[in-house]
Amino acid sequence: MEFESAECDRGDVFEVLRAFGNTTDRSVCNYVDHVEWRYSVRDPDVTVCLAYRHGDGAAYNADRGDCVDDGPGGTAWTVKQCRPSGLVVINRIEGRSSSADCERVPRNKRDHYFTVEGAPELNVRLCMGMIGPGTS
């Protein structure tokens, strides 16, 4: 795998969260928040901790309890301030999945599937519920 510099704001790229010199031990990334991919090379020894930035919006990186919203036509999913009648992530499924996986989650009202062409292990499905009055 080769890496090259790219603009992170356009999406569908990896962002380097942290790089460690003099090691190829990928476990050093265990202590870096929001790591989704670990990569190392030898000579020179370097390990990089990466997060994937999806072109369909920042909600790709949302975790359980985060509030999300979609743009016009279901595009540009974002993480938002929680508000009554908004959507909250109640489960995050990484890898291949179907809507049926979210249907089994209590309080699920909607799901969204982020796919990553050529890397199905990076696909993410968010199962979302509605925020009720007084729970934001």
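Side-chain contact annotation: Asn91 with Arg125, donor-acceptor N/O pair under 3.5 Å absent. Side-chain contact, Asp56 with His112: a donor N or O sits under 3.5 Å from an acceptor N or O.
If you take CD on Glu103 and SG on Cys127, they are separated by 9.5 Å, rounding to the nearest 0.5 Å. Atom CZ of Arg107 and atom CD1 of Ile131 lie 9.5 Å apart (nearest 0.5 Å). Annotation: the span from Cys29 atom SG to Arg38 atom CZ amounts to 5.5 Å, rounded to 0.5 Å. Between the CG atom in Asp66 and the CD atom in Gln81 there is a gap of 11.0 Å [rounded to 0.5 Å].
Using a 30° and 60° split on the angle between ring planes, Phe114 and Trp77 fall in the perpendicular class, above 60°.
The minimum heavy-atom distance linking Gly65 with Cys82 is given by the pair O-SG, 4.4 Å. Asp111 approaches Cys102 most closely through the heavy-atom pair CB-SG, 3.6 Å. In plain terms, the two heavy atoms of Ala62 and Val79 that are nearest each other are CB-CG2, 4.2 Å. When all heavy atoms of Ile90 and Pro106 are compared, the closest pair comes out as CD1-O, 3.4 Å.
Under a hydrophobic clustering in which Ile, Leu, Val, Met, Phe, Trp and Tyr are joined whenever their side-chain heavy atoms come within less than 4.5 Å, directly or via other members, Leu126 and Tyr113 fall into different clusters. Put simply, Val124 and Trp37 are part of the same group of oily side chains (I, L, V, M, F, W, Y) that touch within less than 4.5 Å, one to the next. Hydrophobic cluster membership is shared by Tyr52 and Val68, with clusters built from Ile, Leu, Val, Met, Phe, Trp and Tyr side chains linked at under 4.5 angstrom. Val32 and Val13 are not part of a single hydrophobic cluster, where members link through side-chain heavy atoms under 4.5 Å apart. Tyr39 and Val16 fall within the same hydrophobic cluster, defined by Ile, Leu, Val, Met, Phe, Trp and Tyr side-chain heavy atoms under 4.5 Å apart, directly or through other members.
By the 4.0 Å N-to-carboxylate-O rule, Arg110 lies close enough to Asp70 to be salt-bridged with it. Using a cutoff of 4.0 Å between basic side-chain nitrogens and carboxylate oxygens, Arg92 and Glu36 are scored as salt-bridged.
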Please lay out, stage by stage, how Leu17 and Glu15 fare under the test side-chain contact (heavy atoms from CB on, under 4.5 Å). CA-CA 6 Å; Leu17 299 175; Glu15 177 183 354; 4.3 Å; yes
Could you walk me through whether Asp69 and Arg83 pass the side-chain contact (heavy atoms from CB on, under 4.5 Å) test, one step at a time? CA-CA 11 Å; Asp69 196 13; Arg83 59 177 170 68; 3.8 Å; yes
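By the 4.5 Å side-chain criterion applied to Ile, Leu, Val, Met, Phe, Trp and Tyr, Tyr31 is assigned to no cluster and stands alone.
Between the side chain of Asn123 and the backbone N or O of Val116, at least one donor-acceptor pair lies under 3.5 Å. For the pair Asn108 (side chain) and Val105 (backbone), a donor-acceptor distance under 3.5 Å is absent.
No side-chain heavy atom of Tyr60 sits less than 4.5 Å from a side-chain heavy atom of Asp12. For the pair Asn61 and Arg53, the minimum side-chain heavy-atom distance is below 4.5 Å.
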Let me check something: any side-chain donor-acceptor pairs from residues 41-51 under 3.5 Å, sequence neighbours excluded? List them with distances.
from, atom 1, to, atom 2, distance (Å)
Asp45, OD1, Asp43, N, 3.2
Thr47, OG1, Thr23, O, 3.0

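Heavy-atom contacts from other residues, nucleotides or ligands closer than 6.0 Å to CG of Asp63 number more than 12.
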